[in-house]
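This report refers to the structure that appears directly beneath it.
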Amino acid sequence: YNSVAILQALARRLVLRPSHRLLTVRSIATRAMAPQTFPPEVEEAKSLICDLCLNLYNQGAVSGTGGGISIKPHPDFIVMAPSGVQKERMQPDDMFVLDAKGEVVHTPAAKPPPARPPKLSECSPLFMSAYELRNAGAVIHSHSMWCVLATLLEPDASEFKITHVEMIKGLEGHGFYDTLTVPIIENTARECELTDRLRQAIADYPRTNAVLVRRHGVYVWGKDWIHAKTQAECYDYLFQAAVEMRRLGLDHARAPAPAALPAPNGAANGHSHAAGGEPAAKRPRISGVAPGAQLPTAIVLDIEGTVAPISYVAETMFGFAKSHTRTHLEASYASEETQADIAAIREQAAQDGAVVPEAGAGKAAVIEGVCAWVMAAIAADRKVGALKQLQGHVWRAGFESGALRAELFRDVPDALTEWRRAGLKTYIYSSGSREAQRLFFGHTQVGDLRPYLSGFFDTTSGAKGDKASYADIAASIGADHPSQLLFATDVLAEAQAAVAAGWRAVLVSRPGNKPLPEGHGFRVITAMTDLLL
């Protein structure tokens, strides 16, 4: 009893930050006195960690007693593998049990030599960071060779990047076309000293489920052990892919380059094949398109009802703007950007016969006036620049935080990929601002599709129902003749305006679109993959 009392007295003098909490002497002394019965999920997690560590050992991720895993199988308890033991030989009775705050509530009994005394992993405060900041259900720490090498591809980089690799789809919130970004933090002499850096990286990269540690390893988490294991395997695959791609001279962080355009009129390097020169490069075939078919120089697409469901734009995006406009204005009121947005809305409101108070009326009155005008404009589905500009800034915050992910029809990514491979340029023309368009295609459910697009046009080029708007866009694209441009839209008046400007146009019929009028005279498609047929 006196020994325990002395240990407890010593422990009370230790000052530990909550985020750096390690196994304390008090924990050892107190828990050793009172064995505890845990819920069945906790006992099951002990066995599960043994199986998972054996699996990780066989993959080379936890050799030499390094690495580890912890699972939170119950809201009140966390099971954690010990430190300094052969991970492939662990038994359920080797596990530590912590409470939800990271305090040890069960220390495993010591085993006879040559076994080492039980020691809680120095990873514990790092594991706790993922539980506290991401509500994780399991955390894996790997020393895989691939994750170590991935941190050395760019020795001074603070991020690892890779794109256009299938396994990216296995990571939460990511698609094939995404550029996966994983933060890299610098190593320290002791693992527990990494905690502040890890917590900062978790805060700075809300879309990641992993943090790399240079020359050391990686921490990966998930909502449960299955999710964490899947994420860890996908990340390790991608780290290996990047290392191997670099060895082959390939840039894993860059989207594949588009195909080179063939020389015009069958010429190659200024000489025709008929004249005895080398044959011109052949334009890659597009599925279903007959050889020799007259293809457009460029394709221009509408967004709403053409490449994306009307319901997503009208309900999800406009709904987000409606519910977040006030918060956005209050948080950024003093910024130049927001003041410019307010000034534009004040000017538009005056043209409408409405009033938005001047700055002298005070922040609350101005915001109230702006919000009232915005809600009325959204309800009327107005396509005015002042509204689109503010909406674009509200949406930016949503897309960058992951709260918004653009929803495209399933045929769109494949079509964009095929068109670019064939050397065709694709542009967007929408009533939404160009910034909003870039955000939309940069954060789709399949990833970042902006590399497949050559430019964006909005109503600064003119109203979509005006012939002159299409003439202006044709000049901006640099088409030799407007008939080289093909426009796809779900709105008859827009197709008619494009044709009046000399373009080709098709109408798009999608689920949720309004029925097209009879006798319109345009070809109708139901998928972008049919556009060039």
Side-chain angles (χ1 to χ4, degrees), residues 134 146-147 149-185 201-212 214 218-222 230-259 307-308 395-408 410 412-421 426 428 434-456:
R134 289 296 181 83
W146 299 118
C147 64
L149 291 176
T151 68
L152 300 176
L153 294 174
E154 301 290 345
D156 299 322
S158 60
E159 297 175 336
F160 165 86
K161 292 179 179 288
I162 190 169
T163 187
H164 286 68
V165 177
E166 178 69 10
M167 200 64 85
I168 295 175
K169 290 164 56 176
L171 298 173
E172 184 178 24
H174 290 80
F176 173 78
Y177 299 94
D178 260 322
T179 296
L180 172 70
T181 302
V182 182
I184 303 173
I185 61 176
I202 291 174
D204 291 344
Y205 292 82
R207 292 189 62 200
T208 189
N209 275 359
V211 175
L212 284 161
R214 200 179 315 275
V218 66
Y219 286 86
V220 183
W221 55 89
T230 301
Q231 302 291 281
E233 290 170 353
C234 290
Y235 277 114
D236 200 64
Y237 177 99
L238 293 167
F239 298 147
Q240 180 179 0
V243 172
E244 297 292 358
M245 289 173 73
R246 181 65 65 89
R247 185 176 296 161
L248 295 171
L250 303 174
D251 189 347
H252 52 84
R254 185 182 297 275
V307 299
W395 288 331
R396 179 179 60 201
F399 280 119
E400 290 179 349
S401 70
L404 286 174
R405 299 288 283 176
E407 180 183 337
L408 299 174
R410 293 177 64 88
V412 174
D414 289 341
L416 292 176
T417 303
E418 190 169 40
W419 298 340
R420 194 178 81 151
R421 188 182 300 121
T426 304
I428 301 299
R434 284 174 292 180
E435 180 180 8
Q437 295 174 34
R438 286 191 288 266
L439 288 166
F440 186 93
F441 285 97
H443 300 83
T444 77
Q445 80 271 36
V446 296
D448 185 356
L449 292 175
R450 289 174 299 180
Y452 295 85
L453 299 170
S454 298
F456 303 89

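No hydrogens, no waters, no symmetry mates; every other heavy atom, side chains included, goes into these values. What you see is a predicted model; the values in this text were computed from it and never measured.
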Tyr219: which residues meet the ring pair (Phe, Tyr, Trp, His ring centres under 6.0 Å) condition with it, sequence neighbours left out?
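Here the qualifying residues are His141.
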Salt bridge (charged side-chain N to carboxylate O under 4.0 Å, His left out) partners of Arg434, counting only residues at least two apart
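Expected list: Asp458.
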Qualifying residues under side-chain contact (heavy atoms from CB on, under 4.5 Å), relative to Arg207, sequence neighbours excluded
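side-chain contact (heavy atoms from CB on, under 4.5 Å) check on Arg207 returns His174, Asp178, Arg405.
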State, yes or no, whether a side-chain contact exists between [X] and [Y] at a heavy-atom distance under 4.5 Å.
X: His252; Y: Leu153; value: yes
X: Leu171; Y: Gln231; value: yes
X: Phe176; Y: Val446; value: no
X: Arg214; Y: Leu152; value: yes

Nearest heavy-atom pair of Gln437 and Ile428: which atoms, and what distance?
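For Gln437 versus Ile428, the nearest heavy atoms are OE1-CG2, 3.2 Å.
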Which heavy atom of Thr208 sits nearest a heavy atom of Trp221, and at what distance?
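Closest approach of Thr208 to Trp221, heavy atoms only: O-CZ2, 3.5 Å.
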If you measure from [atom1] on [X] to [atom2] on [Y], what distance do you get to the nearest 0.5 Å?
X: Arg421; Y: Tyr452; atom1: CZ; atom2: OH; value: 8.0 Å
X: Tyr235; Y: Met167; atom1: OH; atom2: CE; value: 13.0 Å
X: Phe441; Y: Leu408; atom1: CZ; atom2: CG; value: 6.0 Å

Quick one: which of Thr417, Ile168, Leu416 gives a side-chain contact (heavy atoms from CB on, under 4.5 Å) with Tyr177?
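Considering Thr417, Ile168, Leu416, a side-chain contact (heavy atoms from CB on, under 4.5 Å) with Tyr177 is found only for Thr417.
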